[in-house]
Amino acid sequence: QVQLVESGGGLVQAGGSLRLSCAASGMIFRIGDMGWYRQIPGKQRELVAVIRNSGSTNYADSVKGRFTISRDNAKNTVYLQMNSLIPEDTAVYYCHADIRRIDVLVIQNYWGQGTQVTVSS
C-alpha cells in the first residue's frame, strides 16, 4: 500500500502565507513527478504546480510568482509554499504523485485526501 498524507491547510487572510506538505509512505520503489492540484466545488480539479525528479517545475499562470513547489526526496515529501494569497486561491488542495511500488512493475497515480485552504478578504 502507498499513502499520501497532506498537512498545512487552514484559514488565512488575504496577503498571508501557508505551507502545504505531503508525505508519501508505504511500499515505494520510486517516485516520479509530484504535484499539487486544487478544486473548487462545481469545478474541475486544476493543476497548481508540478515538480519532477530533476527538480524542474511548472506552475499555473494564476500562481506564478506567488507559489513555490519543492520536494525532499529523502523524505518522499513535496511542499507548496503559498505567499500573497488571494480569496481566489480558496479551494481544496490535493497532492499527487506518480509512484512505482515495490511489488508492481508499472507507475501508478496516487492522490492525497485533500486539505482545505480558505483565504478571507
Side-chain angles (χ1 to χ4, degrees):
Q1 275 286 26
V2 170
Q3 280 189 317
L4 298 182
V5 179
E6 300 153 351
S7 60
L11 173 64
V12 64
Q13 285 190 331
S17 298
L18 284 174
R19 188 192 194 208
L20 306 182
S21 300
C22 172
S25 63
M27 300 175 63
I28 297 170
F29 177 76
R30 180 180 174 85
I31 302 178
D33 293 356
M34 302 185 82
W36 291 94
Y37 290 71
R38 65 187 181 186
Q39 188 169 23
I40 300 169
K43 293 195 174 182
Q44 282 192 329
R45 193 171 296 187
E46 64 174 6
L47 174 68
V48 176
V50 62
I51 183 167
R52 298 170 184 83
N53 259 326
S54 64
S56 66
T57 58
N58 284 100
Y59 295 90
D61 287 342
S62 58
V63 307
K64 281 180 182 177
R66 301 188 298 120
F67 290 10
T68 302
I69 189 171
S70 60
R71 64 191 286 172
D72 184 335
N73 290 330
K75 296 181 179 180
N76 290 337
T77 299
V78 63
Y79 305 96
L80 185 68
Q81 178 66 44
M82 304 185 293
N83 298 329
S84 302
L85 284 159
I86 58 178
E88 290 75 15
D89 293 321
T90 296
V92 178
Y93 284 71
Y94 294 91
C95 170
H96 171 268
D98 293 329
I99 296 175
R100 181 184 161 188
R101 285 170 39 173
I102 293 172
D103 59 338
V104 178
L105 295 179
V106 297
I107 295 172
Q108 297 172 298
N109 291 315
Y110 287 88
W111 293 91
Q113 78 282 5
T115 185
Q116 178 71 45
V117 171
T118 303
V119 184
S120 63
S121 56

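Residues take their numbers from the sequence shown, with the count starting at 1.
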Answer whether the closest heavy-atom distance between the side chains of [X] and [Y] falls below 4.5 Å.
{"X": "D72", "Y": "Y79", "result": "yes"}
{"X": "N53", "Y": "N73", "result": "yes"}
{"X": "V117", "Y": "L20", "result": "yes"}

Partner of R71 by side-chain contact (heavy atoms from CB on, under 4.5 Å), out of T77, D33, I51: I51
How long is the span from the [atom1] atom in [X] to the [atom2] atom in [Y], to the nearest 0.5 Å?
{"X": "I28", "Y": "I102", "atom1": "CD1", "atom2": "CD1", "answer": "8.0 Å"}
{"X": "S25", "Y": "L4", "atom1": "OG", "atom2": "CG", "answer": "8.0 Å"}
{"X": "Q3", "Y": "N76", "atom1": "CD", "atom2": "CG", "answer": "13.0 Å"}
{"X": "C22", "Y": "M34", "atom1": "SG", "atom2": "CE", "answer": "5.5 Å"}
{"X": "I86", "Y": "S62", "atom1": "CD1", "atom2": "OG", "answer": "7.5 Å"}
{"X": "L80", "Y": "Y93", "atom1": "CG", "atom2": "OH", "answer": "7.5 Å"}

Considering all heavy atoms, the nearest A14-S121 contact: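 Of all heavy-atom pairs spanning A14 and S121, the closest is CB-CA, 4.4 Å.
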Which atom of S17 lies closest to which atom of S84, heavy atoms considered: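 Answer, listing the atom of S17 first, then S84: OG-N, 4.4 Å.
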Give me the other members of the hydrophobic cluster that [X] sits in, counting Ile, Leu, Val, Met, Phe, Trp and Tyr linked by side-chain heavy atoms under 4.5 Å, directly or via other members.
{"X": "V106", "result": "V104"}
{"X": "I107", "result": "none"}
{"X": "V5", "result": "none"}

Verdict with supporting geometry, I40 and T90, side-chain contact (heavy atoms from CB on, under 4.5 Å): CA-CA 8 Å; I40 300 169; T90 296; over 6 Å; no
Intermediate values then yes/no, side-chain contact (heavy atoms from CB on, under 4.5 Å), R100 and L105: CA-CA 7 Å; R100 181 184 161 188; L105 295 179; 3.5 Å; yes
Can you sort out the partners of [X] under salt bridge (charged side-chain N to carboxylate O under 4.0 Å, His left out), two or more places apart, ordered by chain and number?
{"X": "R30", "result": "none"}
{"X": "E46", "result": "R38"}
{"X": "K64", "result": "D61"}
{"X": "R101", "result": "D103"}

Derivation of the side-chain contact (heavy atoms from CB on, under 4.5 Å) call for R66 and D89: CA-CA 11 Å; R66 301 188 298 120; D89 293 321; 2.7 Å; yes
Pair listing, ring pair (Phe, Tyr, Trp, His ring centres under 6.0 Å) test, anchored in residues 97-121, at least two apart: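 Listed once each, the pairs are Y37-W111, H96-W111.
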Pair listing, ring pair (Phe, Tyr, Trp, His ring centres under 6.0 Å) test, anchored in residues 8-32, at least two apart: none
side-chain contact (heavy atoms from CB on, under 4.5 Å) against V12, all qualifying residues, sequence neighbours excluded: L18, L85, V119
In one Ile/Leu/Val/Met/Phe/Trp/Tyr side-chain cluster, 4.5 Å: I69, V63: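 Shared cluster, yes.
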In one Ile/Leu/Val/Met/Phe/Trp/Tyr side-chain cluster, 4.5 Å: Y59, M82: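 Looking at the clustering, M82 is in the same group as Y59.
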Pairs touching residues 4-24 that satisfy salt bridge (charged side-chain N to carboxylate O under 4.0 Å, His left out), sequence neighbours left out: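 Those involving residues 4-24 do not exist here.
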side-chain contact (heavy atoms from CB on, under 4.5 Å) between I31 and V78, worked out: CA-CA 11 Å; I31 302 178; V78 63; over 6 Å; no
Counterpart residues, side chain to side chain donor-acceptor pair (under 3.5 Å), relative to Q81 (two or more places apart):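 Q81 satisfies side chain to side chain donor-acceptor pair (under 3.5 Å) with N83 only.
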